[in-house]
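These notes are about the structure you will find just below.
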Amino acid sequence: MNRILLIDDDLGLSELLAQLLELEGFQLTLAHNGQVGLDLALEQDFDLILLDVMLPKLNGFEVLRALRQKKQTPVLMLTARGDEIDRVVGLEIGADDYLPKPFNDRELVARIRAIIRRTHSLPQDNPKSIQEFGDLQLDPARQEVYCQDVLILLTGTEFSLLYELVQHTGELVSKETLSESVLGKKLMPFDRSLDMHLSNLRKKMPERKDARPRVKTIRGKGYIWLP
(Lines give C-alpha, C1' and ligand atoms only; values in the text may rest on other atoms or scores of the structure.)
Protein backbone atom coordinates (compact mmCIF):
# COMPACT_ATOMS: atom_id res chain seq x y z
CA MET A 1 0.00 0.00 0.00
CA ASN A 2 1.47 3.34 -1.05
CA ARG A 3 1.90 5.90 1.72
CA ILE A 4 0.95 9.53 1.04
CA LEU A 5 1.51 12.57 3.23
CA LEU A 6 -0.99 15.41 2.72
CA ILE A 7 0.14 18.80 4.05
CA ASP A 8 -2.82 21.18 3.84
CA ASP A 9 -4.44 23.48 6.41
CA ASP A 10 -7.93 23.14 4.87
CA LEU A 11 -9.44 20.64 7.31
CA GLY A 12 -12.56 20.01 5.25
CA LEU A 13 -10.63 19.35 2.04
CA SER A 14 -8.14 17.17 3.91
CA GLU A 15 -10.88 14.93 5.27
CA LEU A 16 -12.49 14.61 1.83
CA LEU A 17 -9.17 13.74 0.22
CA ALA A 18 -8.42 11.25 2.98
CA GLN A 19 -11.68 9.42 2.24
CA LEU A 20 -11.09 9.54 -1.52
CA LEU A 21 -7.49 8.31 -1.42
CA GLU A 22 -8.14 5.60 1.14
CA LEU A 23 -10.90 4.26 -1.10
CA GLU A 24 -8.33 4.23 -3.92
CA GLY A 25 -6.04 2.05 -1.79
CA PHE A 26 -3.60 4.65 -0.45
CA GLN A 27 -2.55 5.04 3.18
CA LEU A 28 -2.86 8.72 4.09
CA THR A 29 -1.15 10.76 6.82
CA LEU A 30 -2.38 14.32 7.45
CA ALA A 31 -0.52 17.44 8.58
CA HIS A 32 -2.17 20.85 8.86
CA ASN A 33 0.82 23.16 9.06
CA GLY A 34 4.15 23.32 7.30
CA GLN A 35 6.38 22.58 10.28
CA VAL A 36 4.51 19.43 11.29
CA GLY A 37 4.43 18.32 7.67
CA LEU A 38 8.16 18.84 7.23
CA ASP A 39 8.94 16.94 10.43
CA LEU A 40 6.83 13.99 9.28
CA ALA A 41 8.37 14.06 5.79
CA LEU A 42 11.89 13.92 7.23
CA GLU A 43 11.16 11.35 9.94
CA GLN A 44 9.16 8.87 7.84
CA ASP A 45 9.32 7.44 4.34
CA PHE A 46 6.40 8.30 2.07
CA ASP A 47 5.80 7.36 -1.55
CA LEU A 48 4.42 10.83 -2.32
CA ILE A 49 3.77 14.16 -0.62
CA LEU A 50 0.78 16.35 -1.52
CA LEU A 51 1.90 19.84 -0.54
CA ASP A 52 -0.26 22.96 -0.44
CA VAL A 53 1.47 26.31 -1.05
CA MET A 54 -0.37 28.44 1.51
CA LEU A 55 0.36 26.97 4.95
CA PRO A 56 0.83 28.29 8.51
CA LYS A 57 4.19 27.99 10.32
CA LEU A 58 6.11 27.24 7.10
CA ASN A 59 4.67 27.78 3.62
CA GLY A 60 4.85 25.10 0.95
CA PHE A 61 7.97 26.54 -0.67
CA GLU A 62 9.84 26.61 2.64
CA VAL A 63 8.82 23.02 3.33
CA LEU A 64 9.99 21.90 -0.11
CA ARG A 65 13.34 23.72 0.14
CA ALA A 66 14.08 22.14 3.51
CA LEU A 67 12.94 18.71 2.34
CA ARG A 68 15.11 18.76 -0.80
CA GLN A 69 18.22 19.32 1.28
CA LYS A 70 17.82 15.84 2.76
CA LYS A 71 15.29 13.78 0.78
CA GLN A 72 14.04 13.36 -2.77
CA THR A 73 10.53 12.13 -1.94
CA PRO A 74 8.20 12.89 -4.88
CA VAL A 75 6.13 16.05 -4.29
CA LEU A 76 2.91 17.09 -6.01
CA MET A 77 2.21 20.73 -5.19
CA LEU A 78 -1.34 22.06 -4.87
CA THR A 79 -1.46 25.62 -6.19
CA ALA A 80 -4.08 28.33 -6.63
CA ARG A 81 -5.69 28.21 -10.06
CA GLY A 82 -4.19 30.76 -12.42
CA ASP A 83 -1.22 31.54 -10.15
CA GLU A 84 1.55 30.75 -12.63
CA ILE A 85 4.34 32.06 -10.40
CA ASP A 86 3.57 29.47 -7.71
CA ARG A 87 3.91 26.69 -10.24
CA VAL A 88 7.19 27.97 -11.64
CA VAL A 89 8.72 28.51 -8.20
CA GLY A 90 7.59 25.08 -7.04
CA LEU A 91 9.17 23.37 -10.05
CA GLU A 92 12.38 25.37 -9.64
CA ILE A 93 12.70 24.26 -6.03
CA GLY A 94 12.17 20.61 -6.93
CA ALA A 95 8.47 19.73 -7.07
CA ASP A 96 7.72 16.81 -9.38
CA ASP A 97 4.41 18.21 -10.59
CA TYR A 98 1.65 20.65 -9.66
CA LEU A 99 -2.13 20.64 -9.69
CA PRO A 100 -4.22 23.84 -9.54
CA LYS A 101 -7.10 24.09 -7.06
CA PRO A 102 -9.94 23.34 -7.39
CA PHE A 103 -9.11 20.05 -9.10
CA ASN A 104 -11.02 17.05 -10.35
CA ASP A 105 -10.78 13.98 -8.09
CA ARG A 106 -10.02 11.70 -11.03
CA GLU A 107 -7.22 13.95 -12.23
CA LEU A 108 -5.67 14.03 -8.76
CA VAL A 109 -5.68 10.24 -8.51
CA ALA A 110 -4.29 9.92 -12.04
CA ARG A 111 -1.44 12.35 -11.28
CA ILE A 112 -0.62 10.52 -8.04
CA ARG A 113 -0.53 7.13 -9.76
CA ALA A 114 1.60 8.49 -12.61
CA ILE A 115 4.20 9.97 -10.26
CA ILE A 116 4.38 6.86 -8.08
CA ARG A 117 4.55 4.60 -11.14
CA ARG A 118 7.45 6.44 -12.74
CA THR A 119 9.42 6.79 -9.49
CA HIS A 120 9.01 3.15 -8.50
CA SER A 121 9.10 1.27 -11.80
CA LEU A 122 12.42 0.06 -13.17
CA PRO A 123 13.07 1.18 -16.75
CA GLN A 124 15.01 -1.98 -17.61
CA ASP A 125 14.67 -5.75 -17.43
CA ASN A 126 17.74 -6.30 -15.26
CA PRO A 127 17.48 -4.04 -12.20
CA LYS A 128 20.99 -4.97 -11.01
CA SER A 129 22.90 -3.61 -13.98
CA ILE A 130 24.43 -0.15 -13.96
CA GLN A 131 24.35 1.59 -17.32
CA GLU A 132 27.14 3.86 -18.53
CA PHE A 133 26.78 6.80 -20.88
CA GLY A 134 30.04 8.67 -21.30
CA ASP A 135 30.94 10.08 -17.87
CA LEU A 136 27.55 9.02 -16.45
CA GLN A 137 26.69 5.84 -14.55
CA LEU A 138 22.96 5.28 -14.04
CA ASP A 139 21.54 2.79 -11.57
CA PRO A 140 17.82 2.48 -12.40
CA ALA A 141 17.14 0.14 -9.47
CA ARG A 142 18.25 2.77 -6.96
CA GLN A 143 17.39 5.71 -9.22
CA GLU A 144 20.91 7.03 -8.68
CA VAL A 145 23.26 8.72 -11.10
CA TYR A 146 26.99 9.28 -10.77
CA CYS A 147 28.72 11.84 -12.94
CA GLN A 148 32.51 11.84 -12.99
CA ASP A 149 32.30 9.46 -10.02
CA VAL A 150 30.28 11.93 -7.94
CA LEU A 151 26.72 11.12 -6.80
CA ILE A 152 24.23 13.63 -8.23
CA LEU A 153 21.06 14.06 -6.15
CA LEU A 154 18.09 14.04 -8.50
CA THR A 155 14.36 13.89 -7.88
CA GLY A 156 12.51 10.92 -9.34
CA THR A 157 11.23 13.07 -12.18
CA GLU A 158 14.70 14.43 -12.97
CA PHE A 159 16.12 10.91 -13.02
CA SER A 160 13.37 9.71 -15.36
CA LEU A 161 13.98 12.67 -17.67
CA LEU A 162 17.72 12.02 -17.73
CA TYR A 163 17.23 8.31 -18.32
CA GLU A 164 14.84 8.91 -21.21
CA LEU A 165 17.22 11.38 -22.88
CA VAL A 166 20.41 9.31 -22.57
CA GLN A 167 18.60 6.24 -23.92
CA HIS A 168 18.24 8.24 -27.14
CA THR A 169 21.63 9.94 -27.13
CA GLY A 170 22.16 11.96 -30.30
CA GLU A 171 18.48 11.79 -31.23
CA LEU A 172 15.76 14.42 -31.00
CA VAL A 173 13.23 13.46 -28.35
CA SER A 174 10.04 15.48 -28.70
CA LYS A 175 8.52 17.38 -25.80
CA GLU A 176 5.26 15.50 -26.41
CA THR A 177 7.03 12.16 -25.97
CA LEU A 178 8.86 13.31 -22.84
CA SER A 179 5.74 14.78 -21.27
CA GLU A 180 3.88 11.48 -21.62
CA SER A 181 6.77 9.16 -20.71
CA VAL A 182 8.30 11.25 -17.90
CA LEU A 183 5.43 13.35 -16.51
CA GLY A 184 2.63 10.93 -17.32
CA LYS A 185 0.47 13.56 -18.98
CA LYS A 186 -0.15 15.05 -22.40
CA LEU A 187 1.76 18.20 -23.24
CA MET A 188 -0.51 21.22 -22.88
CA PRO A 189 -0.01 24.70 -24.34
CA PHE A 190 2.01 27.00 -22.08
CA ASP A 191 2.89 24.14 -19.69
CA ARG A 192 6.47 24.80 -18.59
CA SER A 193 6.87 21.77 -16.34
CA LEU A 194 9.20 19.91 -18.69
CA ASP A 195 11.36 22.99 -19.31
CA MET A 196 11.72 23.59 -15.58
CA HIS A 197 12.71 19.98 -14.85
CA LEU A 198 15.31 20.12 -17.61
CA SER A 199 16.62 23.44 -16.28
CA ASN A 200 17.02 21.89 -12.82
CA LEU A 201 18.77 18.88 -14.34
CA ARG A 202 21.20 21.09 -16.24
CA LYS A 203 22.10 23.00 -13.07
CA LYS A 204 22.88 19.82 -11.17
CA MET A 205 25.08 18.19 -13.81
CA PRO A 206 28.83 19.01 -13.77
CA GLU A 207 30.36 20.54 -16.87
CA ARG A 208 31.69 18.04 -19.37
CA LYS A 209 35.45 17.77 -19.70
CA ASP A 210 35.25 18.67 -23.39
CA ALA A 211 33.23 21.79 -22.44
CA ARG A 212 30.35 20.80 -24.77
CA PRO A 213 26.80 21.18 -23.47
CA ARG A 214 25.14 17.98 -22.34
CA VAL A 215 21.76 18.68 -23.88
CA LYS A 216 20.66 20.79 -26.82
CA THR A 217 17.23 22.41 -26.99
CA ILE A 218 15.49 22.44 -30.37
CA ARG A 219 13.01 25.26 -29.89
CA GLY A 220 9.42 24.18 -30.25
CA LYS A 221 10.38 20.54 -30.87
CA GLY A 222 12.32 18.89 -28.08
CA TYR A 223 15.78 18.03 -26.78
CA ILE A 224 18.90 16.15 -27.86
CA TRP A 225 21.32 14.58 -25.36
CA LEU A 226 24.68 15.14 -27.03
CA PRO A 227 27.13 12.24 -27.29
| Just checking, any donor-acceptor pair under 3.5 angstrom between side chains of D96 and T157? | yes
| request: Could you grab the distance from atom NZ of K101 to atom CG of L108, nearest 0.5 Å is fine? | output: 11.0 Å
| message | I'd like to know if D139 pairs up with R142 as an ion pair, taking the criterion as any Lys NZ or Arg NE/NH1/NH2 lying under 4.0 Å from an Asp or Glu carboxylate oxygen. | response | yes
| field | Non-hydrogen side-chain atoms of L40 and V36 separated by less than 4.5 Å | value | yes
| Hydrophobic cluster membership, V215 vs Y146, 4.5 Å side-chain cutoff | no
| said: Do V53 and N59 make a side-chain contact, defined as non-hydrogen atoms from C-beta onward lying under 4.5 Å apart? | reply: no
| request: Compare all side-chain heavy atoms of N200 with those of E158 and state whether any distance is below 4.5 angstrom. | output: yes
| task | Would you confirm whether D9, through its side chain, and L55, through its main-chain N or O, come within 3.5 Å as a donor-acceptor pair? | result | no
| If we only count heavy atoms from C-beta on, is the L21 to L23 side-chain gap below 4.5 Å? | no
| query | Just checking, is any N or O donor in the side chain of Q148 or R208 under 3.5 Å from an acceptor N or O on the other one? | reply | no
| query | Quick one: are F26 and N2 in side-chain contact, heavy atoms under 4.5 Å? | reply | yes
| Between I115 and L76, does a side chain to side chain contact (heavy atoms under 4.5 Å, CB included) hold up when you go through it step by step? | CA-CA 8 Å; I115 293 173; L76 174 59; 4.1 Å; yes
| message | I'd like to know whether L165 forms a side chain to side chain contact (heavy atoms under 4.5 Å, CB included) with L198, so could you lay out the CA-CA distance, the side-chain angles of the two residues, the decisive distance to 0.1 Å, and finally the verdict. | response | CA-CA 10 Å; L165 287 171; L198 184 65; 4.0 Å; yes
| request: State, to 0.1 Å, how close R68 and K71 come at their nearest heavy-atom pair, and which atoms those are. | output: NH1-O, 3.2 Å
| Between Q35 and D39, a side-chain donor and acceptor under 3.5 Å | yes
| Flag for Q131-Q167: side-chain donor and acceptor within less than 3.5 Å | yes
| query | Do the non-hydrogen side-chain atoms of I4 and I49 ever get within less than 4.5 Å of each other? | reply | no
| message | How long is the straight-line distance from CG of N33 back to CG of D8, given to the nearest 0.5 Å? | response | 11.5 Å
| query | According to a 4.5 Å side-chain heavy-atom criterion applied to Ile, Leu, Val, Met, Phe, Trp and Tyr, with indirect links allowed, do F103 and I116 form part of one hydrophobic cluster? | reply | yes
| said: Is there a continuous path of hydrophobic side-chain contacts, each under 4.5 Å between heavy atoms, that joins M54 to L5? | reply: yes
| Just checking, any donor-acceptor pair under 3.5 angstrom between side chains of T217 and R202? | yes
| Closest approach of M77 and A95, non-hydrogen atoms and distance? | CG-CB, 3.6 Å
| query | Does one hydrophobic cluster hold both V166 and I218, with members joined at side-chain heavy-atom distances below 4.5 Å? | reply | no
| task | Show the numbers, then the answer: is there a side chain to side chain contact (heavy atoms under 4.5 Å, CB included) between Y163 and V145? | result | CA-CA 9 Å; Y163 189 89; V145 57; over 6 Å; no
| query | Would I112 and L50 satisfy side chain to side chain contact (heavy atoms under 4.5 Å, CB included), going step by step from the backbone distance to the final call? | reply | CA-CA 9 Å; I112 290 172; L50 293 174; 4.1 Å; yes
| said: For E180, run the salt bridge (charged side-chain N to carboxylate O under 4.0 Å, His left out) check against K186, K175, K185 and tell me which one passes. | reply: K186
| message | I want to check something: taking the side chain as every heavy atom from C-beta on, are Y223 and D195 in contact at a cut-off of under 4.5 Å? | response | yes
| query | Under 4.0 Å between a Lys/Arg side-chain N and an Asp/Glu carboxylate O for E24 and R106? | reply | yes
| remark: One should read off an interatomic distance between L151 CG and D149 CG, to the nearest 0.5 angstrom, of 11.0 Å
| Between atom CG of D97 and atom CG of L91, what is the distance when rounded to the nearest 0.5 Å? | 7.5 Å
| Do S174 and T177 meet the criterion of a side-chain donor-acceptor pair at a distance under 3.5 Å? | yes
| Over all atoms of both residues, closest heavy-atom pair of R214 and C147 | NH2-SG, 3.3 Å
| message | Within this structure, what is the CG-CH2 distance for the pair L161 and W225, rounded to the nearest 0.5 Å? | response | 8.5 Å
| query | Are side-chain heavy atoms of I152 and P206 found at a separation under 4.5 Å? | reply | yes
| Just by modelled atom types, is the G12 backbone N or O under 3.5 Å from a matching donor or acceptor in the E15 side chain? | no
| Heavy-atom pair with the smallest gap, counting every atom of R111 and Y98 | NH1-O, 2.7 Å
| query | Do you reckon L99 sits in the same ILVMFWY cluster as L13, going by side-chain contacts under 4.5 Å, direct or chained? | reply | yes
| query | Which pair of non-hydrogen atoms, one from H32 and one from P56, has the smallest distance, and what is that distance? | reply | O-CG, 3.7 Å
| Looking at CG of L178 and NE2 of H197, how far apart are the two atoms once the value is rounded to the nearest 0.5 Å? | 11.5 Å
| remark: Heavy atoms of D52 and L78 approach each other most closely as OD1-O, 3.2 Å
